[in-house]
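In what follows, every chain begins at residue 1, and chains take the letters A, B, ... in the order their sequences are listed.
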Protein chains: 2
Amino acid sequence: MNFLPTLRELVKTFQAFDTYSGRHIRSLGLTTSQFDVIATLGNTQGMSCREIGEKTLMVKGTLTGVLDRLEKKGLLTRQEHPEDKRSFLIAMTPKGQALFEKVFPAHLQYLEAAFGPLGEETLLALEKQLKTLRRALEVSSQD
Amino acid sequence: MNFLPTLRELVKTFQAFDTYSGRHIRSLGLTTSQFDVIATLGNTQGMSCREIGEKTLMVKGTLTGVLDRLEKKGLLTRQEHPEDKRSFLIAMTPKGQALFEKVFPAHLQYLEAAFGPLGEETLLALEKQLKTLRRALEVSSQD
DNA sequence: ACTATATTGTACGCATTCGTACATTTTACG
DNA sequence: CGTAAAATGTACGAATGCGTACAATATAGT
């Protein structure tokens with residue numbers, strides 16, 4: 001079973017997306033990780049570091065540094081969590097929310113230009129195939 | 001057109017592969033990038049930095065550091081290129097070649113355990129779908 | 001209630017990743 | 001031939017990304 005071409009294509013496609021998306025995000029003055037956090041926190045009342053990690057697919061160790069920089073930029077705050085003293089409620093500042101409202105729709109539109117022409121059927125088929133591969137990897141991981 | 005689920009699945013699948021593959025490579029005492037270089041140079045007479053970059057999908061700036069560490073480990077050498085004074089012929093040492101012969105088949109077999117069960121049809125279909133998406137991203141990148 | 005275990009987030013070290021700038025050399029073109 | 005443009009690899013700074021260890025707190029099992 002020669003899976004290497006498929007594997008190589010997975011990596012190339014991921015990189016192509018990263019390059020395409022990253023170029024636009026950088027022009028907005030952000031990194032990809034920073035944008036992902038802002039996109040996650042926008043229009044919410046805030047959430048814990050764990051929740052942000054689940055949604056952005058970042059591990060907590062990475063997230064600490066990303067949140068530090070966004071906090072230093074004045075885009076978010078870490079407040080004490082009332083129910084759990086280990087945790088923090090991480091929420092956007094007005095400045096952060098304003099940035100979200102500016103960059104999030106703009107980036108979605110930018111991505112739409114690339115993904116839109118593919119059509120819904122192609123996107124759904126691809127999503128399904130990817131999920132099949134991911135499950136195979138996760139099952140094998142359990143050994 | 002809601003492409004976000006497909007996009008998220010692409011990232012999750014890539015990460016699942018990276019986690020699965022990386023765990024094994026780390027147990028062999030290497031990083032993913034180092035393994036990719038060794039897998040590329042194994043059983044060859046050596047090649048330029050540019051060629052390695054094309055095959056491993058690493059940009060040259062990244063490659064410099066990875067090659068530095070592999071050279072320091074005594075796994076490869078940088079010789080002067082006879083035809084082009086800007087370039088180097090990067091080739092494995094006997095120690096590097098021996099490592100290649102040990103880890104490359106082992107890792108292929110490890111990956112086979114995850115990819116094999118998918119079957120050839122699924123892999124080919126996924127490769128084709130990915131290529132469609134990648135071309136859409138590359139076309140949009142030209143603007 | 002007590003204690004072993006799990007969860008939450010940070011600290012740290014190491015290696016990558018990328019963009020930009022740069023020196024050197026090669027190529028293309030007039 | 002001579003020069004502008006391109007190619008090759010390195011240097012550098014900033015920011016991930018990840019594994020491990022760690023302190024503080026919460027939860028579960030007894």
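- One atom, CD1 of B:Ile90, and another, P of D:dT10, lie 7 Å apart when rounded to the nearest Å.
- A:Arg69 comes within 4.0 angstrom of a nucleotide base, judged by non-hydrogen atoms across all strands.
- Contact check, B:Arg86 against D:dG9: no side-chain N or O comes under 4.0 Å of OP1 or OP2.
- If you measure from atom CD of B:Gln15 to atom P of C:dT17, you get 14 Å, rounded to the nearest angstrom.
- At D:dT10, one or more side-chain N or O atoms of B:Arg78 fall inside 4.0 Å of OP1 or OP2 (strictly under the cut-off).
- Residue B:Thr64 has no polar side-chain atom (N or O) positioned under 4.0 Å from OP1 or OP2 of D:dG9.
- Atom OG1 of B:Thr32 sits about 7.5 Å away from atom CZ of B:Phe17, to the nearest 0.5 Å.
- Phosphate proximity of C:dG9 to A:Ser87: present, with a side-chain N or O under 4.0 Å from OP1 or OP2.
- Tested against A:Thr6 for a side-chain contact (heavy atoms from CB on, under 4.5 Å), the candidates B:Leu118, B:Leu126, B:Thr122 yield a single pass: B:Leu126.
- Atom CD in B:Glu80 sits about 14 Å away from atom C1' in D:dG9, given to the nearest Å.
- Going from atom NZ of B:Lys60 over to atom C1' of C:dT25 covers 13 Å, rounded to whole Å.
- At the heavy-atom level, A:Thr62 lies under 4.0 Å from base atoms of the strands shown.
- Phosphate proximity of D:dG19 to B:Arg26: present, with a side-chain N or O under 4.0 Å from OP1 or OP2.
- Rounded to whole Å, the distance from CD on B:Glu71 to P on D:dG9 is 14 Å.
- In this model, the phosphate group of C:dT17 is approached by a side-chain N or O of B:Ser33 to a distance below 4.0 Å at OP1 or OP2.
- Within the 3.5 Å criterion, the main-chain N or O of B:Leu28 finds no donor-acceptor partner in the side chain of B:Lys102.
- The separation between B:Leu63 atom CG and C:dT16 atom C1' is 12 Å, rounded to whole Å.
- The residue among B:Gly65 and A:Glu51 whose nearest nucleotide of DNA chain C lies closer to the 5′ end is A:Glu51.
- No engagement by B:Thr32 is indicated, since no non-hydrogen atom pair under 4.0 Å with the nucleic acid exists.
- The heavy-atom pair separating A:Leu41 from A:Thr44 by the smallest distance is O-OG1, 2.8 Å.
- Of the listed nucleotides (D:dT25, C:dT25, C:dT16), C:dT25 has the atom at the smallest distance from the side chain of B:Asp84.
- Looking at the side chain of A:Phe88, the nearest of the listed nucleotides C:dG9, C:dA15, D:dA15 is C:dG9.
- Considering CD of B:Glu9 and CG of B:Leu7, their distance stands at 10.5 Å, rounded to 0.5 Å.
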